[in-house]
Chemist: 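Have a look at the structure that comes next, please.
The figures here come from the full heavy-atom set of this structure, side chains too, leaving out hydrogens, waters and symmetry mates. In what follows, chains carry the letters A, B, and so on, assigned in the order in which the sequence lines appear, proteins first and then strands, with residues in each chain numbered from 1.
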Protein chains: 2
Amino acid sequence: MDLLLTYDVDTTTPEGRRRLRKVAKLCEGHGLRVQKSVFEIVATDVDLLHLLDDIGKTIDTDTDSIRIYRLPHNGFNNVQTLGTARIQPHREDLVL
Amino acid sequence: MDLLLTYDVDTTTPEGRRRLRKVAKLCEGHGLRVQKSVFEIVATDVDLLHLLDDIGKTIDTDTDSIRIYRLPHNGFNNVQTLGTARIQPHREDLVL
């Protein structure tokens, strides 16, 4: 399934920036970082459970916010953009 | 339609923070701010065109990134959350 994960963390502190780097590394194993704290993820239900578990151990649950939205089929290719944002190809898009 | 708008802007500068405040004000006319730079929006096609136009005049298109994802029906109520994130009711959810 295609998911969008957004992470709200205070990056004015070194600890916040460190957590963002760790969450980014976890998410990048499943997809693309499309903004500083927004990730397009392709995951099975099992992948997602593991990812949630890993993220839960990384973030500060008293201050940080993670939201994961399920997108419709082809949702990554159907994004409206302004400014520097670009639609980015996922690996499965490259399969002929 | 139900949309998710994410805004990537450098908030270490006063100008960036000012643009984020302006974009937040524009988006809050159409929905809810669920993270510092993530907005759940309900909009018609015409609403969206007006919103994109207003946002385009507000952001710095050389540095800022706006992405707008279309969510499936009931997408706002089908969000997985960690940390401080909560599912928030939209106005139409309150109609009996």
Side-chain angles (χ1 to χ4, degrees), chain A residues 1-13 16-17 19 23 26 32-41 43 45 48-49 51-88, chain B residues 1-13 16-17 19 23 26 32-41 43 45 48-49 51-88:
Chain A
M1 56 191 166
D2 293 355
L3 304 166
L4 193 74
L5 184 148
T6 65
Y7 182 27
D8 205 14
V9 54
D10 179 5
T11 53
T12 63
T13 67
R17 289 194 293 276
R19 294 198 297 278
V23 167
L26 290 170
L32 297 174
R33 187 178 198 169
V34 291
Q35 290 182 346
K36 279 196 294 286
S37 59
V38 177
F39 303 88
E40 293 182 351
I41 288 172
D45 287 324
L48 180 58
L49 285 176
L51 183 62
L52 286 170
D53 188 44
D54 289 341
I55 290 175
K57 292 173 187 159
T58 304
I59 69 170
D60 181 337
T61 54
D62 291 333
T63 60
D64 300 354
S65 158
I66 294 267
R67 304 179 73 87
I68 302 175
Y69 294 85
R70 186 158 181 170
L71 297 185
H73 180 68
N74 210 28
F76 296 147
N77 294 317
N78 193 16
V79 184
Q80 286 189 274
T81 59
L82 286 175
T84 62
R86 297 288 175 271
I87 292 176
Q88 295 182 32
Chain B
M1 55 192 167
D2 293 355
L3 304 166
L4 194 74
L5 184 149
T6 65
Y7 182 26
D8 205 15
V9 55
D10 179 5
T11 53
T12 63
T13 67
R17 289 195 293 275
R19 294 199 298 278
V23 167
L26 290 169
L32 297 174
R33 186 178 200 169
V34 292
Q35 289 183 345
K36 280 197 293 287
S37 58
V38 177
F39 304 88
E40 293 182 350
I41 287 172
D45 288 324
L48 180 59
L49 285 176
L51 183 62
L52 286 170
D53 188 45
D54 289 341
I55 290 175
K57 292 174 188 158
T58 304
I59 69 170
D60 180 337
T61 54
D62 291 332
T63 60
D64 300 354
S65 158
I66 294 267
R67 304 180 74 87
I68 302 175
Y69 294 86
R70 186 157 182 172
L71 297 185
H73 179 68
N74 210 29
F76 296 147
N77 294 317
N78 194 16
V79 185
Q80 285 189 274
T81 60
L82 286 175
T84 62
R86 297 290 175 269
I87 291 175
Q88 295 183 29

Chemist: Take Leu71(A) and Leu71(B) through the test side chain to side chain contact (heavy atoms under 4.5 Å, CB included) and record every step on the way to the result.
Modeler: CA-CA 6 Å; Leu71(A) 297 185; Leu71(B) 297 185; 3.5 Å; yes

Chemist: So which of Val34(A), Asp60(A), Ile59(A), Ile87(A) has the biggest tally of heavy-atom pairs under 4.5 Å with chain B?
Modeler: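 Most heavy-atom pairs under 4.5 Å with chain B: Val34(A).
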
Chemist: Give me the atom names and distance for the closest heavy-atom approach of Ser65(B) to Thr84(A).
Modeler: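 Taking Ser65(B) first and Thr84(A) second, the nearest heavy atoms are CB-OG1, 3.4 Å.
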
Chemist: Less than 4.5 Å apart, side chain to side chain, heavy atoms only: is that true for Tyr69(B) and Asp2(A)?
Modeler: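 Result no, sub-4.5 Å side-chain heavy-atom pair not found.
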
Chemist: Return the set of residues passing salt bridge (charged side-chain N to carboxylate O under 4.0 Å, His left out) with Asp53(A) (not counting sequence neighbours), or none when no residue passes.
Modeler: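 Expected list: Lys57(A).
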
Chemist: So what's closer than 4.5 Å to chain A heavy atoms on Thr63(B): side chain, backbone, both or neither?
Modeler: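 For Thr63(B), backbone heavy atoms alone lie under 4.5 Å from chain A.
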
Chemist: For Arg86(A), enumerate each residue passing the side chain to side chain contact (heavy atoms under 4.5 Å, CB included) test, keeping only those at least two apart in sequence or located in another chain.
Modeler: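 So Arg86(A) forms no side chain to side chain contact (heavy atoms under 4.5 Å, CB included) with any residue.
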
Chemist: Could you check Asp8(B) against Val38(A) for side chain to side chain contact (heavy atoms under 4.5 Å, CB included), going step by step and ending with a plain yes or no?
Modeler: CA-CA 9 Å; Asp8(B) 205 15; Val38(A) 177; over 6 Å; no

Chemist: Does any backbone or side-chain atom of Leu4(B) lie under 4.5 Å from a heavy atom of chain A? Answer side chain, backbone, both or neither.
Modeler: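 Only the side chain of Leu4(B) comes within 4.5 Å of chain A.
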
Chemist: Which value, rounded to the nearest 0.5 Å, describes the distance between Asp64(A) atom CG and Gln35(B) atom CD?
Modeler: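 Answer rounded to 0.5 Å: 10.0 Å.
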
Chemist: Counting only non-hydrogen atoms closer than 4.5 Å, does Asp62(B) touch chain A with its backbone (N, CA, C, O), its side chain (CB onward), both, or neither?
Modeler: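 Only the backbone of Asp62(B) comes within 4.5 Å of chain A.
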
Chemist: Please report the shortest heavy-atom distance between Ile66(A) and Ala85(B), naming the atom on each side.
Modeler: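 Scanning both residues completely, I find the closest heavy atoms to be O-CB, 3.3 Å.
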
Chemist: For the side chain of Thr81(B) and the backbone of Arg67(A), is there at least one donor-acceptor N/O pair under 3.5 Å apart?
Modeler: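 Absent.
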
Chemist: How many angstroms lie between CG in Leu5(B) and CG in Leu82(A), if you round to the nearest 0.5 Å?
Modeler: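 Between atom CG of Leu5(B) and atom CG of Leu82(A) there are 8.0 Å.
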
Chemist: Answer yes or no: are there more than 12 heavy-atom neighbours, outside Arg33(B) itself, under 6.0 Å from its atom CZ?
Modeler: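 Enclosed: over 12 neighbouring heavy atoms sit under 6.0 Å from CZ of Arg33(B).
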
Chemist: Do Leu48(B) and Gln80(A) have side chains that get closer than 4.5 Å, going by heavy atoms?
Modeler: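 A side-chain contact under 4.5 Å exists here.
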
Chemist: Chain B heavy atoms under 4.5 Å from Leu52(A): which part of the residue, side chain, backbone, both or neither?
Modeler: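 Both parts, backbone and side chain.
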
Chemist: Mind ranking Thr61(A), Ile68(A), Thr12(A), Ile55(A) by heavy-atom pairs under 4.5 Å with chain B and telling me who comes out on top?
Modeler: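 Going by pairs under 4.5 Å, I would pick Ile68(A).
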
